[in-house]
Amino acid sequence: MRTDEVRERFLKFFEARGHCIVPSAPLVPAGDPTLLFTGAGMNQFKEYFLGTRRDLSRAASCQICLRTPDLAQVGKTPGHHTFFEMLGNFSFGDYFKKEAILWAWEFLTRELSIPEPKLSVSVYQDDEESYEIWRKDVGLVEQGRIRRLGAEENFWPANAREEGPDGPCGPCSEIYYEDMEVWNLVFTQFERKSDKSLAPLPKKNIDTGMGLERLACVLQGKKTNFEIDIFEPIVEKVLQGFPKGQRSGEDRMHAHAIADHARAIAFAVAEGVAPSNEGRGYVIRKLIRLCMTHAWYVSGSARPFLHQLVIPEVVRVMGSSYPALRKEEGRIRRVVEQDEASFSRIFVEGENRWHEEARRLQAKGCGAADPEFVFRLHDTHGFPFEASLLLAQKRGLALDVEAVERLFGKQRERSRQASQISEAVFDPKVMKGAGLESRFLGYGTARASGRVLALFEEGDRRVDELRQGARSQVVLNETPFYAEQGGQIGDRGVLNGPQSARFEVEDTQYAGSAIVHVGRVAGGTFRVGDTVEAEVDDERRWHIRRNHTATHLLHAALREVLGKEVRQAGSLVSDEKLRFDFNYPRPVAVQDLDRVERLVNQKILENHEVGTREMEPQAAQREGAIAFFGEKYGERVRVVDVPGFSKELCGGTHCRRTGDIGLFRIVSEGSVGQGMRRIEAVTGWGVFDQARRDGARVREVAGELNVAPDKSAGRVRELVEQVKNLEREVSRLRTGAGSGVLDTLLKNAVRVGEMTLVAGRVDGYGLKELRDLSDRLRERTPRSVTILGSSDGEKATVIVSLSRDLKDSTLDAGLLASAFAERLGGSGGGRRDFAQAGGKDPSKLDEALKAARTILEQQLRRGT
């Protein structure tokens, strides 16, 4: 049975039993900053499990998931993955254990015709109810068909009863096919308290999870998940990229890992995640580099291959079920290609550092690698630990793996403490809002009355009253204060209570469905049940409104000028500025930025009415409304419409007319990751303040030039032309003396294999002059590699060029330049035939040039 058919049968089975079929949530959790990636089918149903949403009682889904805790096992075992699809059926206070168990058994044995004798189950050791259902209602009476297991195996979360976390929990029952777990049924029936007690939940829930790939493996009679119909073609494509004949068991293990990671990469990048050094981007960058490391194990080369060979196959295999992959294929390949190229250079640089370290250790007679060196090579330069381990083995060097792991462990702990992402399924902030619900009144007013529902102090400790002093939090039944969401920051203002009590609101946040006013009691006492007057800082909110409406105009203008493929990848709307991240493969041209800025201001001056209305999400999108990446939408959505120009789903606060914005000005545009750009802009008084600052700078420059401000640009052009004339004169004089330099360099050239190496130092030469000299050397010397270095006393420059008759060789000038940059304490790169490097330590230039022959020979040996 094909995997696509298994997915379809599961959903139809539960749809026929009253379940609402809910589409997969994004891999990047919508509106849930507490999760790095969606890792389970239940993630999108948190509010239903907590009882803060009640519009569904039964649901079923096939959820795309990404997990990394078992990263080291991927490829080595039959069924560990980073990316997988999770089938699940859910009940929110509706049916419970008996229905969940009977339907699971019916689906496996009748719908899929899996032989009953092949199946067995486990239950939590104290869960007599589940045990009796399996024994009496299902009929599993044979010895060994039902196993009783402890809290680590059959309680969710594992060991929650003794170890926590606090919150919803319960026993579970697992179904096995020939001792391989295929389905986990979780019976959420308790709330774990801080004193370790388990209080029965007023409404009991069902949460099940079954790996689609694992189930397909069973039905297709395969030994591993990597042999099923949606995996095998990707694995075969990976193997095609290996050297001919490399198809051993170990090679396949590496191919399995690459195929798995490629799926995770494709889906994450399709949702706008760009490789970076933090958060979700760090995970994707790590997966790309792991793929290249696996390929290096087999082929000895870290050349880019994913974007060209593997990603297109992932899209071909998965695109019919997930059309977004096909739509985003071009961008996925561009993003992956850029990061592969970057890592390819890092890999060569890392190998060069290893060669130097091995020589140093050999000279000292030391037979063990330094764990600190291995850690730094990974932490600072991105060189994989796995590659370091293999290089140490090849050179006969011992490596204390546990010492390296301890260093990595300390780093992970620092990262965990600095991260705002929780490992808990139910974030404490969300749990705090459980059972509380606030109504937002702020679209039409900045002042309203509200009743105090809950008070918190010292973080999350719930109290009955608040007195003057510590930072604390207030939840009202209704409020005009906007809680931070969708990129818009939270409101500030005051809450005025009985008997002159005053609470200064410094921020407003969501906790589940509760709006939490964060701040301090400035006077008096607040009690649960009090009626208070909530007053938003309306002047600040107007600045926020201007920036939010301008963000919509900016998005529409970018799509009109740069193309409809542009989409939001993140935003910040504050009272001071707006920030807009979007996918685009290159810097935005100045003329295009000017067109965007002019178009936004045109719509502002036309003073269009900004319309808002509530609709169903599907109806809104049929009308052309844009749903933003990373946003979370309910049954009804708010559509913000600038007629004929912009229509978006948005819950933020906005201007009444575009003319309220005043003016719009782009302050900066730049890169924030592979294929991602960021624009920062200001509106209204922000434009006025920016213009004043710019005017002051122009007057300052004019004063230095001793001309009127309107004449300063002309004077600067005159000075620039004078400098160019002087540079040309210096170049002419040097060129006249260049013949002697050229002859000296050629005289000192050496043979390296079948080519000539021309290397030397020519101080005082600028980059253009080095290029000219290099070109003349290339013309005079066939099959040559030219490496020229120059220093001005503060920095060093090296250029590397290959003669044209080496264009088909395995040499890469960019990789050679990077090797020099490492020695000079800088960076380098470029084209395959011409590249340059720069460094902050010119004292090492002579040493680096002396190593030119060694560097060239190393690259020739590696054949890269």
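Everything numeric here is computed off the predicted structure, so don't read it as measured data.
The existence of a salt bridge linking R316 and E313 is confirmed by a sub-4.0 Å separation between a basic side-chain nitrogen and an acidic carboxylate oxygen. A salt bridge does not link K223 with E227: none of the charged nitrogens is closer than 4.0 Å to a carboxylate oxygen. Salt-bridge check for K136 with E132: passed, with a basic side-chain N closer than 4.0 Å to an acidic carboxylate O.
Partners of E142 according to the side chain to side chain donor-acceptor pair (under 3.5 Å) rule, which considers only residues two or more places apart in sequence or in another chain, are R145. Among residues two or more places apart in sequence or in another chain, the ring-ring contact (aromatic ring centres under 6.0 Å, His included) test is passed with F343 by F347. Every residue two or more places apart in sequence or in another chain that forms a side chain to side chain contact (heavy atoms under 4.5 Å, CB included) with E328 is listed here: A270, R331, I332, R567. Among residues two or more places apart in sequence or in another chain, the side chain to side chain contact (heavy atoms under 4.5 Å, CB included) test is passed with Q220 by T3, A216, K222, I228, D229. With sequence neighbours excluded, the residues forming a side chain to side chain contact (heavy atoms under 4.5 Å, CB included) with S57 are D94, listed by chain and number. Not counting sequence neighbours, the partners of H294 by the ring-ring contact (aromatic ring centres under 6.0 Å, His included) test are H254. With sequence neighbours left out, the side chain to side chain donor-acceptor pair (under 3.5 Å) criterion links R148 to E128. Considering only residues two or more places apart in sequence or on other chains, Y124 meets the ring-ring contact (aromatic ring centres under 6.0 Å, His included) condition with F155. P323 is linked by a side chain to side chain contact (heavy atoms under 4.5 Å, CB included) to nothing, counting only residues two or more places apart in sequence or in another chain. F107 pairs by the ring-ring contact (aromatic ring centres under 6.0 Å, His included) definition with F10, F13, not counting sequence neighbours.
In this structure the side chain of C20 reaches within 4.5 angstrom of the side chain of V22, judged on heavy atoms. The side-chain heavy atoms of L102 and D137, taken from C-beta on, include a pair separated by under 4.5 Å. With a 4.5 Å cut-off on side-chain heavy atoms, V238 and L309 do not count as touching. Taking the side chain as every heavy atom from C-beta outward, F84 and N225 never approach each other to under 4.5 Å. The shortest distance between side-chain heavy atoms of R326 and M318 does not fall below 4.5 Å.
Nearest heavy-atom pair, V314 versus A266, reported as atom, atom and distance to 0.1 Å: CG1-CB, 3.9 Å. Nearest heavy-atom pair, F90 versus S61, reported as atom, atom and distance to 0.1 Å: CE1-OG, 3.7 Å. For the residue pair T224 and H256, the shortest heavy atom distance occurs at OG1-CE1, 4.5 Å. The two atoms that bring P157 and P168 nearest to each other are CD-O, 4.0 Å, heavy atoms only. When all heavy atoms of C62 and S24 are compared, the pair lying nearest together is O-CB, 3.2 Å. Heavy-atom minimum distance, L185 versus I175: CD1-CD1, 4.5 Å.
Taking CZ of R7 as the reference point, atom OG of S321 lies at 4.0 Å (rounded to 0.5 Å). Between M292 atom CE and H261 atom NE2 the span is 13.5 Å, to the nearest 0.5 Å. Note that the OH atom of Y177 and the CD1 atom of I114 stand 7.0 Å from one another [nearest 0.5 Å]. Atom CZ in R9 sits 13.0 Å away from atom CG in D4 (nearest 0.5 Å). Annotation: the span from E340 atom CD to R333 atom CZ amounts to 10.5 Å, rounded to 0.5 Å. For the atom pair CZ of R192 and CD of E162, the computed distance is 7.5 Å after rounding to the nearest 0.5 Å.
The number of heavy-atom neighbours closer than 6.0 Å to CD of E111, taken from other residues, nucleotides and ligands shown, is above 12. By the neighbour-count criterion of 12 heavy atoms within 6.0 Å, atom CD of E250 is sparsely surrounded, having that number or fewer from other residues, nucleotides or ligands. For R147, the CZ atom counts as densely surrounded, since its 6.0 Å shell holds more than 12 non-hydrogen atoms of other residues, nucleotides or ligands. For E402, the CD atom counts as loosely surrounded, since its 6.0 Å shell holds 12 or fewer non-hydrogen atoms of other residues, nucleotides or ligands. Environment of CD in Q308: sparse, with no more than 12 heavy atoms of neighbouring residues, nucleotides or ligands closer than 6.0 Å.
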Worked check of side chain to side chain donor-acceptor pair (under 3.5 Å) between E174 and Y176:
CA-CA 7 Å; E174 295 176 325; Y176 300 85; 2.6 Å; yes

Quick one, R67 with T82, criterion side chain to side chain donor-acceptor pair (under 3.5 Å). Give me CA distance, side-chain angles, the key distance, then yes/no.
CA-CA 5 Å; R67 296 181 188 171; T82 47; over 6 Å; no

After noting the C-alpha distance and the side-chain angles of W103 and Y95, does the key distance pass the ring-ring contact (aromatic ring centres under 6.0 Å, His included) rule?
CA-CA 11 Å; W103 282 336; Y95 64 84; 4.9 Å; yes

Side chain to side chain donor-acceptor pair (under 3.5 Å) between S173 and N154, worked out
CA-CA 6 Å; S173 180; N154 274 86; 5.4 Å; no

Could you go through Y322 and E85, starting from their C-alpha distance and side-chain angles, then the distance that decides it, and tell me whether this counts as side chain to side chain donor-acceptor pair (under 3.5 Å)?
CA-CA 12 Å; Y322 297 96; E85 297 178 72; 2.5 Å; yes

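A donor-acceptor pair shorter than 3.5 Å cannot be found between the side chains of T38 and N43. No side-chain donor-acceptor contact under 3.5 Å links E129 and Y131.
Pairs passing the side-chain hydrogen bond (donor to acceptor under 3.5 Å, both in side chains) check and including a residue from residues 204-216, sequence neighbours excluded, read N89-T208, W183-T208, E213-R263. Sorted by first and then second residue, the ring-ring contact (aromatic ring centres under 6.0 Å, His included) pairs involving residues 53-80 (not counting sequence neighbours) form an empty list.
In terms of modelled atom types and a separation under 3.5 Å, the side chain of E99 and the main chain of F96 share a donor-acceptor contact.
Ring centers of F92 and F45: under 6.0 Å apart, within the cut-off.
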